[in-house]
Every structure is written in C-alpha cells, then in structure tokens.
Amino acid sequence: MKVLVAVKRVVDYNVKVRAKPDGSDVDLNNVKMAINPFCEIAVEEAVRLKEAGTASEVIAVSIGDKSCQEQIRTALALGADRGIQVDVENGVEPLVVAKLLKGVIDKEQPQLVILGKQSIDGDNNQTGQMLGALANMPQGTFASEVVVDGDKVSVTREVDGGLQTVRLSLPAIVTTDLRLNEPRYASLPNIMKAKKKQLDVYSAEDLGVTVRRHVSQVKVAPPAERQEGIKVADVDELVDKLKNEAKVIS
Amino acid sequence: MSTLVIAEHDNNSLKASTLNTVAAAQALGGDIDILVAGANCDAAAAAAAAVPGIGKVLLADNAAYEHQLAENVSLLIAEAAANYDNILAPATVSCKNIMPRVAALLDVGQISDIIAVDSADTFQRPIYAGNVIATVQSADAKKVITVRTTAYDGVPAEGGSAAIEALDSVHDAGLSTFVGEEVAESDRPELTSADVVISGGRGMQNGENFKLLEGIADKLNAAIGASRAAVDAGFVPNDMQVGQTGKIVAPDLYIAVGISGAIQHLAGMKDSKVIVAINKDEDAPIFQVADYGLVADLFEALPELESKI
Ligand SMILES: Cc1cc2nc3c(=O)[nH]c(=O)nc-3n(C[C@H](O)[C@H](O)[C@H](O)COP(=O)(O)OP(=O)(O)OC[C@H]3O[C@@H](n4cnc5c(N)ncnc54)[C@H](O)[C@@H]3O)c2cc1C
Ligand SMILES: Nc1ncnc2c1ncn2[C@@H]1O[C@H](COP(=O)(O)O)[C@@H](O)[C@H]1O
C-alpha cells in the first residue's frame with residue numbers, strides 16, 4: 001500500500017521566536033528552519049512500515065514555496081521514495097492545506113496518510129482532522145502506536161487520562177504524537193541519494209483548489225512578562241515565602 | 001448572536017473545562033446553548049442544564065457517541081451548528097480531535113486555543129509555544145473555536161435550570177470503532193484544574209522516585225505533572241506531560257522539580273500564579289520564570305519540604 005506523509009517546514013524547535021517590535025509579524029530573519037518534529041516522526045513511521053513490508057511506497061508532500069523542497073529532501077533522506085511540493089505562498093492555513101492534501105490524495109490514492117499532530121509554529125493541531133473530514137476517512141490522532149492489519153489499522157492514541165485504541169477502516173489518517181517512535185538520523189549516503197529522488201511540483205490549480213484566507217493575522221505581541229523572582233537559601237525560607245508572602249499554602 | 005458550547009463530560013458529570021468554555025462564550029456575548037453528546041449521558045445533560053445563563057441543553061444520547069469518536073460526533077455537531085454563529089469547545093484532547101473535523105465539514109477555518117475575545121470576529125491566541133500572542137480575525141460567518149481553559153475562570157456549576165431538548169438524528173459514519181482504553185484511576189485532582197501542581201523532570205531519575213512528589217502532593221492536594229523527558233523515559237504516563245504539546249496548566253502554585261525549563265515545558269505552565277523551581281543547576285532556565293528558586297539536590301530538598309509543610 002501507498003503511504004502519504006505530510007511534512008511542514010518550520011522554525012527549528014530550539015529557536016526562541018520573538019514578535020517584531022512593530023508587531024507586524026514574528027521575526028524570522030536568519031533563523032534556522034527545519035522539518036516540524038511531529039512530521040519527522042510521521043516520516044519515520046512510514047519508512048518503518050515500508051521496511052516491515054507493509055507499505056510499498058512512501059511519498060512525502062509539503063505545501064509552501066520552493067524553500068520547503070529542503071524538508072522534502074530531508075524526508076527523502078530518511079527513506080521516503082519520492083516527493084511532491086505543492087507550490088503556494090508560505091503560511092497557508094490548515095483548511096487550505098487540508099484541501100490541497102485532499103487533491104494529492106485524489107491523485108495518489110494512498111491507503112494511509114500520516115501527518116504530525118501539530119505544527120510547532122502555528123500550534124494549530126487541525127490539518128489531519130480536517131483532511132479526515134474532507135476525504136471522508138477515519139482518523140487516529142495523537143498516535144503512539146500504529147498497527148496495520150489487512151484493510152484496517154489499529155491506532156493507540158494519547159488521550160486525557162491515558163491511552164485509547166481505535167480501529168479504523170483503510171484508507172485512514174494518522175497524526176503522530178511524541179512517543180510513536182524515535183526518528184533516525186539521515187546518513188550521508190542517504191542524503192546524497194535523496195538528491196536524485198523524484199520530486200514533482202504541483203500548483204493549487206493542478207489540484208483544483210482555490211487558496212483563500214479564512215483567518216488572518218492582525219498583529220503579534222510578546223506575552224505578558226513575569227515579574228522577576230528570587231532565589232531562596234533553603235527549604236525553610238521557601239516554606240516561609242509560600243506561607244507568608246505568596247500565601248499559596250497554609 | 002448565538003453560541004453553541006460543546007460539553008466535555010464523562011456521560012455522568014461535566015468536566016470543569018466546559019465551565020471555562022461557557023465563560024469564553026459569555027465574553028463573546030449573546031445566547032448560549034450547550035450540546036451534550038454521549039451515551040446514557042442524562043446525568044451530564046442535567047449538570048449542563050444547571051449551569052446558570054444557558055438557554056437550552058441539546059442532548060444527543062446514542063451509542064454512536066459513547067466514546068466521542070470524531071467521525072461520528074463531528075457530523076452531529078456540524079448539523080447542530082446550522083442554528084448558531086459560534087461553536088465553542090475546550091481545547092482538550094477530545095475536542096482537539098473533533099472540532100477541526102467540524103470546521104472542515106462547515107468549510108470554515110478553526111481558531112485554536114483562544115485566550116481572549118477582542119470582538120465578535122477577533123481573538124487572541126498563543127503561537128510559537130506561547131512566545132508570541134497573535135491577534136487573529138476570522139472572515140467566516142460561522143466560527144469554530146477552541147478555548148484555552150486556563151485563560152477563563154469557570155462559570156458556576158449550579159443555579160440554572162435550562163430546558164433539555166433531545167436531538168434524534170443519529171450519525172454513525174461507520175468508519176471507526178472503539179477498541180479499548182487504559183486509563184489510570186487517580187484520587188488526585190485533575191492536572192488541568194488543580195490549584196497546586198507539582199511536576200518532576202528527568203532529574204527524578206526514575207518512576208519510583210516520583211513517590212517523593214506524592215507525599216508533598218498529598219499534603220497540598222496537588223496534581224502531579226511531568227516534563228516530556230520524564231514521560232519519554234517511561235517514569236510516568238503520557239497524560240502527565242505538561243507543555244506546548246501536552247497539557248496547559250495555570251494553578252495557583254506550580255512546583256517544578258528536576259526540570260530544566262525548555263521553552264516547550266514553559267509553554268504549558270508559565271501562566272501559573274506562583275512558580276517554584278527546585279534544581280541543582282543554578283543556571284537552569286526554569287529559574288528565569290520562577291518566583292522562588294531553590295538551588296538544591298532534589299533528593300535532599302523534597303523530603304525536607306514534605307516534613308515542613
Ligand atoms: C516537538 C517537541 C515538543 C515538545 N513538547 C514538550 C512538552 O509538551 N513538554 C515538555 O516538558 N517538553 C517538551 N519537549 C521537550 C523539551 O524540549 C525538553 O527536552 C524537555 O522539557 C526536557 O525535560 P527535563 O527538563 O525534564 O529534562 P532536562 O532538560 O534533561 O533537565 C533535567 C534537569 O534536572 C536537573 N537535575 C538533575 N538531577 C537533579 C537533582 N538530583 N536535583 C535537582 N535537579 C536535578 C538538571 O539540572 C536539569 O536542569 C518537546 C520537544 C519537542 C522537540
Ligand atoms: N504547509 C504544510 N505542508 C505540509 N504539511 C503540513 C503543512 N501544514 C500542516 N501540515 C501537516 O499537518 C500537521 C499538523 O499541522 P497543524 O494543523 O498546522 O498544526 C503537520 O505536522 C503536517 O504534517
């Protein structure tokens with residue numbers, strides 16, 4: 001079966017992003033970009049399915065301007081077979097991303113589509129679920145285990161209070177949580193090989209989708225600052241402060 | 001303007017997050033109804049009807065909704081949405097699973113995790129792990145919104161007597177089935193609504209050592225949380241993870257023990273009223289957000305703290 005993986009180009013998770021002083025947007029000048037960590041877990045899961053003989057082909061798709069080809073190449077170096085870039089301006093919102101991914105699904109007919117649960121830039125946590133609705137596929141979100149079995153997939157999900165297992169008919173959507181797997185590092189030979197793998201570029205029109213804005217960003221601002229705290233000398237001072245100054249324990 | 005609030009419940013009682021969400025709906029203004037979808041959930045509907053200021057409670061009681069399967073519940077909510085301008089749900093794991101599906105069915109964007117309502121179409125929400133607060137405006141006539149529960153004090157649970165109206169339509173997409181769950185029972189308060197939270201990180205070294213936190217939690221009636229590192233290492237279960245991609249908490253008192261203070265962890269707790277950090281590394285970033293920092297070995301500090309509170 002074919003597996004489609006959606007990978008997003010985002011600011012590296014180690015970068016502490018700030019609002020520009022004029023509040024027009026976040027300051028992304030010269031910051032390191034990377035594949036969204038949850039998408040990396042998605043690629044790893046797809047590649048493991050291929051290594052186990054369950055998947056026949058792994059296709060990595062990213063939606064954005066040409067720069068996201070870098071993240072597609074990263075996915076190819078991790079073991080994806082070929083890539084698709086949907087060439088649109090950066091920052092397209094989840095509903096539109098989901099519509100474009102639905103367009104790719106219509107062309108490729110994958111049995112499993114794996115996405116990250118959340119982009120670490122927009123913190124939306126929407127795209128996989130939206131795609132499920134648009135494609136009329138079931139979804140196993142926040143997955144910590146994925147087991148394909150015939151025309152079904154069992155997904156163990158990280159939920160409030162613990163873990164839940166659901167069984168879905170294929171084709172299905174999976175979104176990854178942190179404990180699904182530990183992604184490998186790409187080896188140098190695989191990075192070289194990835195440069196030669198097929199990468200197709202589609203436009204939104206090719207996929208029959210009109211890009212539009214449902215939600216737009218008006219401005220950005222830094223969060224409220226916390227007042228600077230103090231260091232206490234020992235446990236006695238800590239208890240005293242909590243009782244008599246902060247009054248949070250009695 | 002009219003708003004439908006999606007109740008979070010366990011078929012018997014409402015979760016506190018529902019009351020926070022009603023508070024956000026009040027910030028929007030207009031009429032507020034609550035939808036309770038579940039199975040044998042009369043008691044939860046009765047609890048929703050007792051929330052003051054509610055117009056009516058829509059009750060969808062069917063086996064198809066028992067486990068909140070998104071494929072089924074999203075169809076129900078999308079249908080009920082016809083009569084409302086806004087659909088609001090708490091940004092809990094369950095509603096995060098369902099609501100984007102509703103938005104896509106309605107062909108509208110979703111606004112996740114709002115922390116403030118500026119006007120009927122403009123909202124504030126944290127992005128980039130809470131390092132930036134974005135003001136966003138919706139162009140959709142119908143708005144699908146999830147609410148960061150820590151940003152709103154819950155409305156009272158008692159005092160109202162709304163009518164309960166049964167919804168008869170049954171939506172079973174037939175795409176998914178519930179197999180089972182492993183849910184840890186705990187007598188402690190819920191992590192996201194506790195007044196006191198004490199969390200352990202990699203510095204705890206193993207799951208056994210979390211007992212050192214339990215004694216203190218017992219005395220303070222606290223919930224116990226953890227960093228991602230502690231969960232990944234298998235010290236404690238996943239639902240204890242506090243942070244950008246775990247649970248968001250904002251208790252009166254948050255005690256971080258053996259946690260370095262990565263931005264992803266801070267994203268989940270830095271709105272707590274009072275923060276205490278116990279860490280043996282005086283340069284640990286957690287001290288930058290702590291009101292009271294104690295540079296100490298946790299294995300010495302915790303037993304002493306337990307004996308002195
Ligand atoms: C996509 C993504 C999402 C993430 N989401 C989250 C999230 O939601 N929540 C989260 O927490 N993290 C998250 N992380 C991980 C985060 O980046 C950090 O790796 C993690 O928070 C570190 O956990 P820690 O502080 O327990 O461990 P460490 O950073 O290893 O810190 C351990 C601390 O314990 C102290 N210590 C050790 N021994 C003792 C002792 N005996 N006494 C006192 N102090 C001691 C050390 O000085 C150190 O400061 C995420 C990362 C990524 C990439
Ligand atoms: N521009 C994009 N290109 C490819 N995949 C995306 C894009 N945006 C979101 N996704 C996928 O959707 C997941 C969840 O993103 P979000 O809904 O934005 O939090 C990501 O982890 C990706 O797998």
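All values below were derived from every heavy atom in this structure, side-chain atoms included, with hydrogens, water molecules and symmetry-related copies excluded. Proteins get letters first, then strands, A, B, ... in listed order; numbering begins at 1 in each. Fair warning: this is a prediction, and the values are worked out from it, not measured in the lab.
- Closest heavy-atom contact between B/I263 and A/Y13: CD1-O, 3.6 Å.
- Taking A/G229, A/P223, A/S250 one by one and counting their heavy-atom pairs under 4.5 Å with chain B, the maximum is reached by A/P223.
- Of the atoms belonging to A/A98, not a single heavy atom falls under 4.5 Å from chain B.
- Of the residues listed (A/D121, A/V220, A/D25, A/D27), the one engaging B/V132 in a side chain to side chain contact (heavy atoms under 4.5 Å, CB included) is A/V220, and it is the only one.
- Within the 4.5 Å cutoff, side-chain heavy atoms of A/N136 are placed close to those of B/L175.
- Atoms OG and CG, from A/S216 and B/D121 in turn, are 9.0 Å apart once rounded to the nearest 0.5 Å.
- Comparing A/S154, A/A221, A/A19 by how many heavy-atom pairs each has under 4.5 Å with chain B, the most go to A/A221.
- Interface residue A/V11: only side-chain heavy atoms are found under 4.5 Å from chain B.
- The contact between A/K117 and chain B is made entirely by side chain atoms (from C-beta outward), counting heavy-atom distances below 4.5 Å.
- Proximity of B/D232 to A/R179: side-chain heavy atoms (C-beta onward) are separated by under 4.5 Å at one or more points.
- Proximity to chain A is limited to the side chain of B/E71, based on heavy atoms less than 4.5 angstrom apart.
- Top candidate by heavy-atom pairs under 4.5 Å with chain B, chosen from A/V235, A/V15, A/V215, A/L95, is A/V235.
- Across A/K231 and B/F287, no two heavy atoms sit closer than the pair CE-CG, 3.6 Å.
- With respect to chain A, the highest number of heavy-atom pairs below 4.5 Å among B/T135, B/T122, B/V108, B/V289 belongs to B/T135.
- Taking chain A as the reference chain and counting heavy-atom pairs below 4.5 Å, the highest number among B/I98, B/D140, B/V183, B/I115 is found for B/D140.
- Looking only at distances, a side-chain donor or acceptor of A/R226 sits under 3.5 Å from a matching main-chain atom of B/K270.
- Among B/P237, B/P126, B/A139, the residue making the largest number of heavy-atom pairs under 4.5 Å with chain A is B/A139.
- A/R157 touches chain B through its side chain: at least one heavy atom from C-beta onward sits under 4.5 Å away, while N, CA, C and O do not.
- Distance alone, capped at 3.5 Å, is enough to place a donor-acceptor pair between the A/Q129 side chain and the B/K96 backbone.
- A donor-acceptor distance shorter than 3.5 angstrom exists from the side chain of A/Q126 to the backbone of B/Q110, with no hydrogens or angles considered.
- In this structure, the separation between CG on A/N125 and OG1 on B/T245 is 10.0 Å, given to the nearest 0.5 Å.
- Counting heavy atoms from C-beta on, the side chains of A/H214 and B/V144 never come closer than 4.5 Å.
- Atom OG of B/S176 and atom NZ of A/K152 lie 11.0 Å apart (nearest 0.5 Å).
- Looking at A/L178, both its backbone and its side chain come within 4.5 Å of chain B, counting heavy atoms on both sides.
- Between chain B and the options A/G128, A/G132, A/S119, the largest number of non-hydrogen pairs under 4.5 Å is found for A/G132.
- Of all non-hydrogen atoms in A/K16 and B/N131, the two that sit nearest each other are CE-OD1, 3.2 Å.
- The shortest distance between side-chain heavy atoms of A/L163 and B/N238 falls below 4.5 Å.
- Looking at B/I275, both its backbone and its side chain come within 4.5 Å of chain A, counting heavy atoms on both sides.
- The minimum heavy-atom distance linking A/L28 with B/Y128 is given by the pair CD1-OH, 3.8 Å.
- Proximity to chain B is absent for every atom of A/P94, based on heavy atoms less than 4.5 angstrom apart.
- In this structure, chain A has a heavy atom under 4.5 Å from the side chain of B/V276, while its backbone stays farther away.
- With contacts defined as side-chain heavy-atom distances shorter than 4.5 Å, the pair B/E8/A/D160 qualifies.
- Using a 4.5 Å cut-off between heavy atoms, A/Q139 contacts chain B through both its backbone and its side chain.
- Counted within 6.0 Å of CZ on A/R18, heavy atoms from surrounding residues, nucleotides or ligands total 12 or fewer; the atom is thus considered open.
- Minimum heavy-atom separation, B/V274 to A/A246: CG2-CB, 4.0 Å.
- Within 6.0 Å of the CD atom in A/E182, the count of heavy atoms belonging to other residues, nucleotides or ligands does not exceed 12.
- If you measure heavy-atom distances from A/V26 to chain B, the contacts under 4.5 Å come from the side chain alone.
- Looking at B/D195, neither its backbone nor its side chain comes within 4.5 Å of chain A, counting heavy atoms on both sides.
- You'll find the side chain of A/Q164 stays beyond 4.5 Å of the side chain of B/Q68, heavy atoms only.
- Chain A forms the most heavy-atom pairs under 4.5 Å with one residue out of B/M240, B/K273, B/E182, and that residue is B/E182.
- Contact of B/A134 with chain A is made through backbone and side chain together, with heavy-atom distances under 4.5 Å.
- Annotation for A/S169 and B/G174: closest pair OG-O, 4.2 Å, computed over non-hydrogen atoms.
- Contact annotation for B/S74: neither backbone nor side-chain heavy atoms come within less than 4.5 Å of a heavy atom of chain A.
- Contacts between residues 246-253 of chain B and chain A, defined by a heavy-atom separation under 4.5 Å, are made by B/K247, B/D252, B/L253.
- A/V239 touches chain B through its side chain: at least one heavy atom from C-beta onward sits under 4.5 Å away, while N, CA, C and O do not.
- Interface residue B/L294: backbone and side-chain heavy atoms are both found under 4.5 Å from chain A.
- Put simply, the side chain of B/H67 does not reach to within 4.5 Å of the side chain of A/V166, judged on heavy atoms.
- Between B/R125 and A/N124, some side-chain heavy-atom pair lies under the 4.5 Å cut-off.
- In this structure, A/K219 places its NZ atom where only 12 or fewer heavy-atom neighbours from other residues, nucleotides or ligands lie under 6.0 Å away.
- For B/R228, the parts lying near chain A are the backbone and the side chain together; criterion is any non-hydrogen pair under 4.5 Å.
- Contacts with chain A (heavy atom to heavy atom, under 4.5 Å) involve these residues of residues 300-309 of chain B, listed by number: B/A301, B/E304, B/L305, B/K308, B/I309.
- The greatest number of non-hydrogen atom pairs below 4.5 Å with chain A, out of B/D113, B/V196, B/V231, is found for B/V231.
- Heavy-atom distances place no part of A/A172 under 4.5 Å from chain B, backbone and side chain included.
- Heavy-atom pairs under 4.5 Å with chain A were tallied for B/E185, B/Q244, B/Q124, B/E181; the largest tally goes to B/Q244.
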